[in-house]
Amino acid sequence: QYTLQHILCGGLVQGPNGTIESPGFPHGYPNYANCTWIIITGERNRIQLVFQIFALEEDFDMITIYDGQPQQGNLKMRVTGFQLPSPIVSTGSILTLWFTTDFAVSAQGFKAAYEVLPSHTCGNPGIIPKGVLHGTRFTIGDKIRYSCFTGYILEGHAILTCILSPGNGASWDFPPPFCRAEGGCGGTLQGTSGAISSPHFPSEYDNNADCTWTILAEPGDTIALIFTDFQLEDGYDMLEISGTEAPTIWQVK
């Protein structure tokens, strides 16, 4: 049984760095939690948030992150489940976390560390599953490189460059790639742009291939998919594209 003191949470967060934890961490959070943390730093600074532990009842308990004040137009992402989210970097001097839980079932909760960054840094883009990040400098002009463990193939851009973005901020020129198992295919992609190719492209793909790629965008955004090459065995090999609308079948005619 949680007392009122246990459920109190949220508030303004200031300082060059610190941590934010779910109420009751690490012994589980209460039901009906409703907590808002607003991290504020000085003008021209940015905020990097790195989750260290993350375990929420999937789809029912979640953190909504706003790039700024907690307003619909500032919605950045929603995170839930048991997979550690990638680091998050604000575009301005405010970052908001809104933590809500439902009426039943809880998990360990979360612990996140925040750090104030100067405006000229892109922040740490994070380690990818089954991959390695090479490079420890993340300011404008710096480059980092990703590689995959043995037995895995990198999909996307291996080298990322921190570049000047609109408003005199900084951002990576491409989203982090992902690593897929050799002989396998598919994966989950995030970010503002990226590339997908059939296994072994531009060489021929394997027989009996069965690949699923999931592209994640923010609520309200749309996804544009542009084919630069497309050649499949007519009538036998196909690509199905589905989203919020009815599935569409693409075939060579």
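Under the 3.5 Å distance criterion, the side-chain polar atoms of Asn74 are left unmatched by any main-chain donor or acceptor of Tyr66. Checking side-chain atoms of Asn31 against main-chain N and O of Phe103 turns up a donor-acceptor pair under 3.5 Å. With Thr80 contributing its side chain and Glu57 its backbone, the two residues share a donor-acceptor pair below 3.5 Å. A distance-only check finds a donor-acceptor pair linking the side chain of Ser22 to the backbone of Phe110 [under 3.5 Å]. Remark: side-chain polar atoms of Thr96 are paired, donor with acceptor, to backbone N or O of Gly68 under 3.5 angstrom. Here the side chain of Tyr146 pairs no donor or acceptor atom with the backbone of Ala158 at under 3.5 angstrom. Side chain of Thr101 to main chain of Pro30: a donor-acceptor pair is present (N/O by atom type, distance under 3.5 Å, no hydrogens or angles). Trp172 contributes a side-chain N or O that, together with a main-chain N or O of Gly123, makes up a donor-acceptor pair within less than 3.5 Å.
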For a side chain to side chain contact (heavy atoms under 4.5 Å, CB included) check, start with the C-alpha distance between Ile88 and Ile65, then their side-chain angles and the critical distance, and finish with the verdict. CA-CA 9 Å; Ile88 296 159; Ile65 299 172; 3.1 Å; yes
Side chain to side chain contact (heavy atoms under 4.5 Å, CB included) assessment of Ile20 paired with Ile39: CA-CA 10 Å; Ile20 296 174; Ile39 308 172; 3.7 Å; yes
Step by step, work out the side chain to side chain contact (heavy atoms under 4.5 Å, CB included) result for Cys162 and His120. CA-CA 9 Å; Cys162 182; His120 61 270; over 6 Å; no
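Phe174 and His157 have parallel rings, their planes meeting at less than 30° on a 0 to 90° scale where 60° marks the start of perpendicular.
Annotation for Val105 and Asp61: closest pair O-OD2, 3.3 Å, computed over non-hydrogen atoms.
In this structure, Thr121 OG1 and Arg46 CZ are separated by 7.0 Å, a value rounded to the nearest 0.5 Å.
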